[in-house]
Each structure stands twice: as C-alpha cells, then as structure tokens.
Amino acid sequence: MMKKLKFGDIIIVICIIAVAVSIYFFDSNAADTVIVEADGKVVKTLDIEQDCEYIYKDKYTNIITVKDGQAYVSHSDCPDLTCVYSGKINDGGKIICCLPNSLIIRIETKKSKVDVISG
Amino acid sequence: MTRKITLCGVLSTVAIAVSSLERFVAIQPIISLPGIKLGLANCIILFALIRLDLKCAFSIMFIKAFTVSLLFTGLTSFVYSFVGGLLSLFGMWLLLKMKRAFSVFGVSIAGASLFNIGQIFAAAFLLKSIYIFKYLPILLLSSLFTGAIIGVIVYFLSKKLHIGWL
C-alpha cells in the first residue's frame with residue numbers, strides 16, 4: 001500500500017506543514033495585553049501581568065480569568081464548552097474562542113502588532 | 001440514471017449516519033479545538049468523487065451538512081461545514097484530475113486540510129476577526145492524520161469494490 005504513494009502527495013504534506021508552521025510562528029513573542037473581542041470589536045483589554053477576572057455577557061456568559069501571566073476561560077454557560085476546555089494561553093501564538101458567543105480572546109505584544117496576515 | 005440517483009441517496013444516508021456517530025464520540029474535552037473531528041463522512045464524499053461524479057458528490061456533501069446541522073448543531077455550523085465541504089470538494093476534484101501525480105492518500109489529506117481551511121475562513125468571516133487563523137496550525141496538523149486515515153479507508157473500499165484507478 002505504501003508503494004501507492006505518489007510524488008504529489010509528498011508536496012501536499014510539505015505544503016500543509018509549511019503553512020501550519022508559518023502561521024504558528026507569525027506572532028508568538030512575550031505576552032503583554034489580553035484582548036477580548038466580540039463580533040470583531042475589542043470589548044476589553046486586560047494586562048497579562050495583573051491577576052483579574054472579567055465577565056462577558058452576551059448570548060451566553062463567559063468568565064475570563066487572568067492569573068500568573070496566563071489567560072483562560074474559567075466558566076461558561078455556552079452549549080459548546082470548547083472555550084473552557086481550551087486551557088490557558090500566554091503568548092500571541094494561541095487564542096481561545098467561544099464560537100456560540102462570537103468571542104475571541106487573544107494576546108497582543110507591544111513589539112509587533114499584527115495588522116495583516118500575508119500568504 | 002436512476003441507479004446513480006439511488007446510489008447518491010444511499011451514500012447521503014450513510015454519510016449522515018457516520019457523521020452522527022462521530023458526534024457521540026466526544027473528543028472536545030480531550031482536544032479542545034472547534035472543528036476537530038475525524039471527518040469520516042469525507043470518506044463517503046471522496047468515494048462518491050471517485051465512483052460517481054462531482055455533481056453527486058456535491059449533493060451528498062450538501063445533504064449531509066444540512067441534515068446534520070438540522071439534527072444536531074445549528075445554522076452557524078452548517079455554514080462552516082458547507083464552506084469547508086465546498087473547498088474540500090473542489091480541491092479533491094481538481095487533484096483527482098491529476099492521477100499521475102496524486103494518489104488517494106494525497107487527495108484525502110488535501111481534502112481534509114482544505115475542509116479545515118474553509119471552516120476557518122468561514123469562522124473568520126462570521127466572527128469578523130483575523131485572529132481565528134491562529135487555530136489553523138494545529139487543525140492542519142490533525143488534518144494530516146485524519147486525511148491519511150480516510151485515505152486508507154477509501155483505498156481499501158475501492159479495492160474491495162473493484163473500483164478503477166488507485
């Protein structure tokens with residue numbers, strides 16, 4: 001069965017890995033501010049160094065906790081709960097999102113603000 | 001002609017059944033990514049592309065996305081599924097035209113990753129945020145594996161059913 005692999009297959013796999021790696025390393029520097037976006041608009045910015053809790057209420061309620069230089073969703077009543085299971089983020093390379101609530105939590109650094117993603 | 005329609009119908013049902021079964025294997029607490037799934041229905045769709053034609057495969061994809069979202073997940077997830085399925089379908093159809101360069105595994109992996117890419121684009125559009133692309137790296141890596149598994153399944157299916165090519 002392995003003999004059936006063709007040249008194009010390898011190209012595809014390499015392309016996929018290349019895209020994945022380039023997106024991942026695009027902006028993962030030391031953390032700075034936690035940005036909470038709903039429907040594409042920034043609703044709240046928090047300092048990652050300061051422990052605090054922020055409650056966002058829309059269709060559903062999400063409680064976003066910043067602690068020990070990490071941000072995570074500590075509670076949510078959305079039907080999905082992917083946001084809660086997403087764990088903690090501490091750099092610009094990762095995000096947490098709550099799709100049912102149109103909510104995105106990300107981290108932005110002072111050094112590089114991402115305006116456009118190329119490629 | 002009727003045989004074709006009947007086959008489409010049967011395959012659609014299988015796709016829905018398989019997709020529903022997938023949902024009961026709850027992977028969310030372990031790998032917490034939206035949109036991560038085994039995508040076994042892509043098996044059916046790829047098979048339809050090989051055995052039937054693009055029109056049939058498209059109808060199967062659409063029916064599956066529509067029914068599953070009606071039954072379980074809701075309208076937004078239909079949009080994600082449809083956009084992903086469309087991109088994946090078109091990509092696989094293109095690659096299948098170049099059988100000299102790509103085997104079923106490559107087509108399947110490409111299909112899986114295109115599905116995820118389509119979903120992310122739809123999510124970026126709906127959530128109006130470019131940062132949703134941050135999910136793409138891990139989704140793409142998982143699509144390598146799921147695509148390979150689907151490719152293996154379709155390979156053996158085609159062998160057993162003596163479908164040409166491969």
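So you know, we letter chains A, B, ... as the sequences are listed, proteins then strands, and number each from 1. Just so we're clear, the structure is a prediction, and the values are computed from it rather than from any experiment.
At a threshold of 4.5 Å between side-chain heavy atoms, the hydrophobic network of Ile, Leu, Val, Met, Phe, Trp and Tyr places B:L96 and A:F7 in two separate groups. Cluster membership check: B:V18 does not share its hydrophobic cluster with B:F145, using side-chain heavy-atom separations under 4.5 Å among Ile, Leu, Val, Met, Phe, Trp and Tyr. B:F156 is connected to B:V14 through a chain of hydrophobic side-chain contacts under 4.5 Å among Ile, Leu, Val, Met, Phe, Trp and Tyr, so both are in one cluster. Criterion: ILVMFWY side-chain heavy atoms under 4.5 Å apart, direct or through other members. Under it, B:Y80 and B:I60 are part of a common hydrophobic cluster. Residues B:I120 and A:V19 share a hydrophobic cluster, clusters being chains of Ile/Leu/Val/Met/Phe/Trp/Tyr side chains in contact below 4.5 Å.
With hydrogens and angles ignored, the 3.5 Å screen pairs a side-chain donor or acceptor of A:D9 with a backbone N or O of B:S103.
Heavy-atom pairs under 4.5 Å with chain B peak, among A:I11, A:V21, A:D39, A:V13, at A:D39. Interface summary for chain B: among A:A38, A:C83, A:G8, A:P100, the most heavy-atom pairs under 4.5 angstrom belong to A:G8.
Note that CD1 of B:I132 is 4.5 Å distant from CD1 of A:I95, once rounded to the nearest 0.5 Å. The line from CG of B:L140 to SG of A:C15 is 11.0 Å long, rounded to the nearest 0.5 Å. For the atom pair B:L141 CG and A:I17 CD1, the distance stands at 7.0 Å (nearest 0.5 Å). Note: B:F102 CZ to A:I10 CD1 = 11.0 Å, rounded to the nearest 0.5 Å. Between B:K134 atom NZ and A:I89 atom CD1 the span is 10.0 Å, to the nearest 0.5 Å.
Residues A:I12 and B:A110 approach most closely at CD1-CB, 3.8 Å, considering heavy atoms. Across all non-hydrogen atoms, the minimal contact from B:S113 to A:I16 is OG-CD1, 3.2 Å. In terms of heavy-atom proximity, A:K6 sits nearest to B:R100 at CD-O, 3.3 Å. Scanning both residues, B:F133 and A:I23, for their nearest heavy atoms gives O-CG2, 3.5 Å.
Side chains of A:I104 and B:L127 form a contact here, defined as non-hydrogen atoms less than 4.5 Å apart.
At a heavy-atom separation below 4.5 angstrom, chain B is approached by no residue within residues 53-62 of chain A.
Annotation for B:F125: atom CZ does not count as buried by contact number, only 12 or fewer foreign heavy atoms lying within 6.0 Å. For B:F121, the CZ atom sits in a loose shell: 12 or fewer heavy atoms of surrounding residues, nucleotides or ligands are nearer than 6.0 Å.
For B:L144, the part lying under 4.5 angstrom from a heavy atom of chain A is the side chain only. Contact annotation for B:I117: neither backbone nor side-chain heavy atoms come within less than 4.5 Å of a heavy atom of chain A.
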